[in-house]
Amino acid sequence: SQKIEQNSEALNIQEGKTATLTCNYTNYSPAYLQWYRQDPGRGPVFLLLIRENEKEKRKERLKVTFDTTLKQSLFHITASQPADSATYLCAPWGYNKLIFGAGTRLAVHP
Amino acid sequence: EAGVAQSPRYKIIEKRQSVAFWCNPISGHATLYWYQQILGQGPKLLIQFQNNGVVDDSQLPKDRFSAERLKGVDSTLKIQPAKLEDSAVYLCASSLDPTLPTNYGYTFGSGTRLTVV
């Protein structure tokens, strides 16, 4: 069955540094992949979508890469701020549905 | 534009009782989803509607869960009878055609936190 792995441990970084989150998937080949942000007590909020034929996508301080050979997506936040602290969910599209990873919690310290 | 509306925000029930959740999606979004998110896990799809028809309910525990989307707009999700392991956040989301990747993704509501005691 499809499996999605994200860093289970929280990522703690200093303000101003670049945060890099990893998403690995197995047993399928998604046509596209989405990243969401989730704050405590709230639903996920869509951030970026990257297609299988795109290597990289950028939006303001966010950058996503998609390596279909490695079956991996990397999510980068540059010049991180305490307001970026949240859980980030990876969601590859496969079998006609989005399948969400468990998410990685990011904490940005002043 | 208005977001996805869900109610109630919180619900505490005893096991074997029944409970219902309501969702009003973004106007114009034909596709509606119900997800279950257990603490520390990612959202798991329970059921997907396209207008008022069911597209995918493969992970819906049909012996106790039911859902409907009358008139292709609002939707309700019901659990009867509830079990302790149903304690979770139930998220409703809506989207345009999910088979066409867009730059908008899914729009989620804030969810209903269910505690079964």
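Naming convention: chains lettered A, B, ... in sequence-line order (proteins, then strands); numbering from 1 in each chain. Keep in mind that the numbers below use all heavy atoms, side chains included, and drop hydrogens, waters and symmetry copies. Source: prediction; values computed, not measured.
Contacts between A:Q38 and chain B at a heavy-atom distance below 4.5 Å involve the side chain alone, from C-beta outward. Both the backbone and the side chain of A:L98 come within less than 4.5 Å of a heavy atom in chain B. For a residue to count as touching a neighbouring chain, one of its non-hydrogen atoms must lie under 4.5 Å from one of that chain's; by this rule A:K59 does not touch chain B. Contacts between B:Q6 and chain A at a heavy-atom distance below 4.5 Å are absent for every atom of the residue.
The number of heavy atoms from other shown groups lying within 6.0 Å of CD (A:E60) does not exceed 12. Around the CG atom of B:L39, the shell of radius 6.0 Å holds no more than 12 heavy atoms that belong to other residues, nucleotides or ligands. No more than 12 heavy-atom neighbours from other residues, nucleotides or ligands sit within 6.0 angstrom of NZ on B:K11. Atom CD of A:E9 has 12 or fewer neighbouring heavy atoms from other residues, nucleotides or ligands inside a 6.0 Å radius.
For residues 101-110 of chain A, the interface with chain B (any heavy-atom pair closer than 4.5 Å) comprises A:G101, A:A102, sorted by residue number. Within residues 55-62 of chain B, the residues approaching chain A closer than 4.5 Å by heavy atoms are, in numerical order, B:D56, B:S58, B:Q59.
Hydrophobic cluster membership differs between B:I38 and B:L46, with clusters built from Ile, Leu, Val, Met, Phe, Trp and Tyr side chains linked at under 4.5 angstrom. B:V54 and B:L32 fall within the same hydrophobic cluster, where Ile, Leu, Val, Met, Phe, Trp and Tyr residues are linked whenever their side-chain heavy atoms come under 4.5 Å apart, directly or through other members. Hydrophobic clustering, with ILVMFWY side chains joined whenever heavy atoms are under 4.5 angstrom apart, keeps B:L91 apart from B:W34. Under the 4.5 Å side-chain heavy-atom criterion for ILVMFWY residues, no single connected hydrophobic cluster contains both A:Y88 and A:F100.
How far CG of B:L45 is from OH of A:Y95: 15.5 Å, rounded to the nearest 0.5 Å. One distance of note links CZ of B:F108 with OH of A:Y36; it measures 5.5 Å at 0.5 Å rounding.
Shown here for B:P43 and A:L89, the closest heavy-atom pair between the two residues is CD-CD1, 4.0 Å. The two residues B:G105 and A:Q34 make their nearest non-hydrogen contact at CA-OE1, 3.8 Å. The shortest non-hydrogen separation linking A:F46 to B:Y106 is CB-O, 3.9 Å. Between B:R9 and A:G41, the shortest heavy-atom distance links the atoms NH2-O, 3.2 Å.
B:R113 pairs by the side chain to side chain contact (heavy atoms under 4.5 Å, CB included) definition with B:Y10, B:V89, not counting sequence neighbours. Considering only residues two or more places apart in sequence or on other chains, B:A82 meets the side chain to side chain contact (heavy atoms under 4.5 Å, CB included) condition with B:I13, B:I79, B:D86, B:V116.
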